[in-house]
Amino acid sequence: MENVATSVEDLFDRDYARLVKALAVAFDAESAADAVQEAFIAADRRWRVVSEYDDPGGWVRHVALNRLLSGRRNSRRRYEILATIRIVAHEDMTDARLDLQRAIAALPDRMRLTVCLYYIADLSINEVAASLDVAAGTVKSNLADARQRLQSLLEDRA
Amino acid sequence: MTEWDGNDLALLAPDVDQDRSRALFDRRRARRRTRRRAGIAVLTLTVLAIAGIGGYVWIERSGTVAVETGVAYQPSTDDADLPAFEVLEVRVGAEWTGTLRAAVDRAGLDTLWSESGFDDQPPDVDFRRWVLVAIPISDDACPPALAGFDRTGATLTPTFVEPNEGLCVQPLIPKTFIVTINRSTVIPSFTLRLPRDRSLAPAEQLLDVNVSGGSSPATTDLELRPCVYHDEARVCLDNPGSGGVVALRAIGLQLGSNLMVQTESDESVYTIQDEAEQIVAFYGAPPTGTKLSVIVRGRTATGKLIAGPLRTG
């Protein structure tokens, strides 16, 4: 990521929305917002340590992904979380968007995450690799596979 | 749509209200810090309470009460109500059920162990002196420590304290605290409460535990060990006016202990001789349901405590 965050507030302002958006497409919006909120709270709690890391944002992504992949969610804050996001309205979902949504949903989890982090969160290949604990080469091949599959799926639906 | 364009993915993403998100984040941080300060305050008070009772009361073998320097026994302070406990272990990695459980005997422990999904042998617990509880928490990467239990009436609520910043580097793994609570401090029954908490428990749980049945041994050959908080135990006699029998072991005592008894109703202090095989403890005609706090200090006592007339000390 471009600039270095000097505080957890800076990091939040810089990364929160795009990370939520990326994970919302990969999973669902509510879980994504909940997980990213939790991750930032965790970062705030130990900011003295996290801030010393080369990439504090990477640590936050890691924690958020762990939480998402473990399926944990805090239902207590559900309404608070829902108030911070607005899911794409049904009437705004064109056929093309629906096709794309179905195509994305058809991808394997890791591949879908890779695509979303790369294209929506605008992470670099190396940042995606670090977030998913895989090699950069794996990210590249996943992206190539995903493009091919998505192209194929969209053509089938056309 | 037939052409794949990565930029189109953004069209599927929800709108994120940055201001509201940030406000929520700030609120949660403030709440967490408030809780943290409260936890530190509780811990500090606990430490101070322990230190304050460093100047202690002991009962001489003659049965009289002597007070050493410092703060003497405070019969009605909160710390006298705190249950003695011991964290046996904090288990991670097993399938997490998230359910509060308790065992008051070996069979119950086997069931607890099985239902909790633990596939190893349960710990060896002396259920004559302890009850065991399993407290699950859905950890949030900053593993807390069990600082103690708050007591409200017969309800015990575990108090968790998070470590200092900088120590919170653990992975997100739910944990189960395996804790023994001194039986004498929770008889005849208690309710274990796990309150709903942002990071520890998704919903409040209440577990009623009946401690009175099936554990007290008939003999008193236990090794003396301070098993109650500050050497204090609390025993409740169901019907004090008519007398009754309380096995010393049920309140964590041992053959040869010296006892001081103080009624809760008027805080009168009674001492109990230690020579007899049975301690006869009449206490006139106190209101039915009067609770007695029993303080142990020393090494000798008899085998049973029988309700009866007490002699004032």
Side-chain angles (χ1 to χ4, degrees), chain A residues 8-9 12-13 16-18 20-22 24-25 29 32-33 36-38 40-42 44-49 63 66-67 70 72-77 80-81 83-88 92-97 99-101 103-104 115-116 118-120 147-148 150-151 153-155 157-158, chain B residues 1-33 35-36 39 95-96 98 137-144 162-174 195-204:
Chain A
V8 70
E9 293 87 352
F12 189 95
D13 292 342
Y16 180 81
R18 60 178 165 178
V20 170
K21 287 183 176 202
V25 174
V36 179
Q37 274 274 347
E38 283 295 331
F40 272 101
I41 289 292
D44 175 58
R45 180 181 293 151
R46 67 215 70 179
W47 182 247
R48 276 186 301 191
V49 172
V63 173
N66 272 348
R67 188 171 177 90
S70 69
R72 293 171 55 215
R73 183 186 299 183
N74 191 336
S75 57
R76 181 181 174 185
R77 282 194 314 279
E80 284 181 303
I81 287 290
T84 66
I85 49 180
R86 191 173 70 83
I87 300 167
V88 179
D92 294 335
M93 284 299 261
T94 61
D95 288 345
R97 285 188 185 184
D99 284 346
L100 181 57
Q101 191 175 49
I104 285 287
V115 167
C116 291
Y118 183 75
Y119 285 108
I120 303 176
R147 285 189 204 104
Q148 200 168 16
L150 287 169
Q151 186 65 50
L153 287 166
L154 291 172
E155 284 174 357
R157 293 183 193 283
Chain B
M1 178 184 291
T2 57
E3 287 299 317
W4 154 245
D5 181 352
N7 294 326
D8 290 340
L9 278 177
L11 300 174
L12 301 178
D15 287 336
V16 176
D17 188 324
Q18 180 75 22
D19 291 339
R20 283 191 172 189
S21 300
R22 175 65 188 277
L24 175 58
F25 175 59
D26 290 340
R27 279 199 308 275
R28 294 188 56 209
R29 293 163 76 200
R31 287 199 294 260
R32 181 183 68 77
R33 286 170 178 167
R35 277 199 303 271
R36 184 190 176 114
E95 182 180 353
W96 188 68
I137 60 167
S138 54
D139 189 37
D140 65 345
C142 188
E162 292 177 350
N164 292 330
E165 290 187 33
L167 298 176
C168 302
V169 292
Q170 299 297 313
L172 293 164
I173 300 174
R196 195 169 65 167
D197 181 88
R198 173 187 60 80
S199 58
L200 302 181
E204 182 185 60

Quiz item: If we only count heavy atoms from C-beta on, is the A:Leu100 to B:Leu12 side-chain gap below 4.5 Å?
Solution: yes
Quiz item: What residue in B:Ser21, B:Ala13, B:Ala23, B:Pro14 has the most heavy-atom pairs under 4.5 Å with chain A?
Solution: B:Ser21
Quiz item: With a cut-off of 6.0 Å (strictly less than), are more than 12 heavy atoms of other residues, nucleotides or ligands near CZ of B:Arg20?
Solution: no
Quiz item: If you round to the nearest 0.5 Å, how far is CG of B:Asp8 from CD1 of A:Ile120?
Solution: 10.5 Å
Quiz item: Taking C-beta and beyond as the side chain, do A:Phe40 and B:Arg29 meet within less than 4.5 Å on heavy atoms?
Solution: no
Quiz item: Side chain, backbone, both or neither: which part of A:Val36 has a non-hydrogen atom closer than 4.5 Å to chain B?
Solution: neither
Exercise. Evaluate the criterion side-chain contact (heavy atoms from CB on, under 4.5 Å) for residue pair B:Gln18 and A:Asp13; output intermediate values, then yes/no.
Key: CA-CA 8 Å; B:Gln18 180 75 22; A:Asp13 292 342; 3.5 Å; yes
Practice problem: Compare every heavy atom of A:Val25 with every heavy atom of B:Leu9, then report the nearest pair and how far apart it is. | Solution: O-CG2, 4.3 Å
Self-check item: A:Asp44 versus B:Phe25, closest heavy-atom pair with distance
Solution: CB-CZ, 4.2 Å
Quiz prompt | Portion of A:Ile85 that has a non-hydrogen atom of chain B nearer than 4.5 angstrom | solution = both
Quiz item: Side chain of A:Glu9, backbone of B:Asp26: donor and acceptor closer than 3.5 Å?
Solution: no
